[in-house]
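In what follows, every chain begins at residue 1, and chains take the letters A, B, ... in the order their sequences are listed.
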Amino acid sequence: GAVVSQHPSWVICKSGTSVKIECRSLDFQATTMFWYRQFPKQSLMLMATSNEGSKATYEQGVEKDKFLINHASLTLSTLTVTSAHPEDSSFYICSARNRKDQPQHFGDGTRLSIL
Amino acid sequence: GQSLEQPSEVTAVEGAIVQINCTYQTSGFYGLSWYQQHDGGAPTFLSYNALDGLEETGRFSSFLSRSDSYGYLLLQELQMKDSASYFCAVSPWNQGGKLIFGQGTELSVKP
């Protein structure tokens, strides 16, 4: 149980393109989803926390207009990287949980490369 | 502040048992989680302790003692594929559900 599916796994696109990443909880209701970013050999960096039906809470230094997050249902959250540039190239990972007293489960991540 | 301490590296041989400790300084939290992450991959959930005691899931077990501010992950019958980074993490009551991670333990399993 507790499977989180993230799509796509890989994206390569030109600078200036907007890219949408989907995160789905397949067998549980995800009241809260989290979006992380990870650079090689570094720790996970939390970008934002998303509660179903409300606006996402962004971490300090993360541009909300750059990284648009939508959590419209209990099983789906999306992260859109708008007007992506090479410096946005990274490994983006979502996680989801149901209740506060339950662990987070991670998706397989999306490797984004902006040329 | 809130922090979790883990050993940075552990080396063991195939078939052995290894214990990765996690000590923490944090106020109340919901539970202690353990994750595995291979190079280039996303974290994979291994185990969760909401209450004190031992949780067993196949070759992996995890333990929590809130009174000692301590937990551990026990890996038995080590296999080469267990070589990875292992993270402990807690979700403090006052952090809106965010996870606070330890810095990770790099486990190397040798033949």
Undergrad: Which bit of A:Asp108 is near chain B, if near means a heavy-atom gap under 4.5 Å: side chain, backbone, both or neither?
TA: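 For A:Asp108, backbone heavy atoms alone lie under 4.5 Å from chain B.
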Undergrad: Linking I/L/V/M/F/W/Y whenever any side-chain heavy atoms sit under 4.5 Å apart, do A:Ile93 and A:Phe67 land together?
TA: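 Different hydrophobic clusters.
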Undergrad: Could you report the tightest heavy-atom contact between A:Leu44 and B:Pro43, atom names first, then the distance?
TA: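 Answer, listing the atom of A:Leu44 first, then B:Pro43: CD1-CG, 3.7 Å.
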Undergrad: Side chain, backbone, both or neither: which part of B:Tyr35 has an atom under 4.5 Å from a heavy atom of chain A?
TA: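 Side chain only.
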Undergrad: Counting heavy-atom pairs under 4.5 Å with chain B, which one of A:Pro103, A:Gly109, A:Ala2 comes out on top?
TA: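 Most heavy-atom pairs under 4.5 Å with chain B: A:Pro103.
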Undergrad: Could you check whether any side-chain N or O of A:Gln104 sits under 3.5 Å from a backbone N or O of B:Gly97, counting only pairs where one atom can act as donor and the other as acceptor?
TA: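 Side chain of A:Gln104 to backbone of B:Gly97: a pair is present.
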Undergrad: Hey, is the main chain of A:Arg99 close enough, under 3.5 Å, to the side chain of B:Tyr30 for a donor-acceptor pair?
TA: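 Answer holds: no.
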Undergrad: Between CG of B:Leu99 and CZ of A:Phe106, what distance do you get to the nearest 0.5 Å?
TA: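 Atom-to-atom, B:Leu99:CG and A:Phe106:CZ are 6.0 Å apart.
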Undergrad: Can you say whether A:Thr49 sits under 4.5 Å from chain B via the side chain, the backbone, both, or neither, judging by heavy atoms?
TA: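 The side chain, not the backbone.
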Undergrad: Are there more than 12 heavy atoms of other residues, nucleotides or ligands under 6.0 Å from atom CD1 of A:Ile12?
TA: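 Open.
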Undergrad: A:Trp35 and A:Tyr58: same hydrophobic cluster, using ILVMFWY side-chain contacts below 4.5 Å?
TA: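 In one cluster with A:Trp35: A:Tyr58, yes.
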Undergrad: Mind checking whether B:Phe101 and A:Leu46 sit in one hydrophobic cluster, side chains of I, L, V, M, F, W, Y counted as touching below 4.5 Å?
TA: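 They do share one cluster, since a chain of ILVMFWY contacts under 4.5 Å joins B:Phe101 to A:Leu46.
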Undergrad: So, taking the atom named OG in A:Ser43 and the one named CD in B:Gln37, what distance separates them when rounded to the nearest 0.5 Å?
TA: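 Going from the OG atom of A:Ser43 to the CD atom of B:Gln37 covers 9.0 Å.
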Undergrad: Quick check: are there more than 12 heavy atoms from other residues, nucleotides or ligands sitting under 6.0 Å from NZ of A:Lys64?
TA: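 No, the 6.0 Å shell around NZ holds no more than 12 heavy atoms from other groups.
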Undergrad: Could you have a look at B:Ala50, B:Gly96, B:Gly41 and say which one has the most heavy-atom pairs with chain A under 4.5 angstrom?
TA: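 The option with the most such pairs is B:Gly41.
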Undergrad: Report the distance from atom OG of B:Ser33 to atom NE2 of A:His105, rounding to the nearest 0.5 Å.
TA: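 So the gap between those two atoms works out to 8.0 Å.
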Undergrad: To the nearest 0.5 Å, what is the distance between CD (A:Gln102) and CZ (B:Phe45)?
TA: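 Reported to 0.5 Å precision, the distance equals 9.5 Å.
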Undergrad: Do A:Leu115 and A:Val19 belong together in a cluster built from hydrophobic side chains that touch within less than 4.5 Å?
TA: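 A:Leu115 does not cluster with A:Val19.
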Undergrad: In terms of heavy-atom contacts, does NE2 of A:His7 have more than 12 from other residues, nucleotides or ligands at under 6.0 Å?
TA: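 No, because the 6.0 Å sphere around NE2 of A:His7 holds 12 heavy atoms or fewer from other groups.
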Undergrad: Around B:Gln103, counting heavy atoms of other residues, nucleotides and ligands shown, do more than 12 lie under 6.0 Å from its CD?
TA: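 Buried by this count: over 12 neighbours within 6.0 Å.
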Undergrad: With chain B, which of A:Gln6, A:Arg111, A:Glu59, A:Lys41 has the greatest number of heavy-atom pairs at distances under 4.5 Å?
TA: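 Between A:Gln6, A:Arg111, A:Glu59, A:Lys41, the count favours A:Glu59.
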Undergrad: I need the residue from B:Gly40, B:Ser85, B:Ala89 with the largest number of non-hydrogen atom pairs under 4.5 Å to chain A.
TA: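 Of the candidates given, the most pairs with chain A belong to B:Gly40.
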Undergrad: Hey, is CG on B:Leu51 packed in by over 12 heavy atoms from elsewhere, all under 6.0 Å?
TA: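 No, the 6.0 Å shell around CG holds no more than 12 heavy atoms from other groups.
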Undergrad: Any chain of hydrophobic side-chain contacts (each under 4.5 Å) joining B:Phe60 to B:Phe87?
TA: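 They do not share one cluster, since no chain of ILVMFWY contacts under 4.5 Å joins B:Phe60 to B:Phe87.
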Undergrad: Where does A:Gln42 contact chain B at under 4.5 Å (heavy atoms): side chain, backbone, both or neither?
TA: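 No part of A:Gln42 comes within 4.5 Å of chain B.
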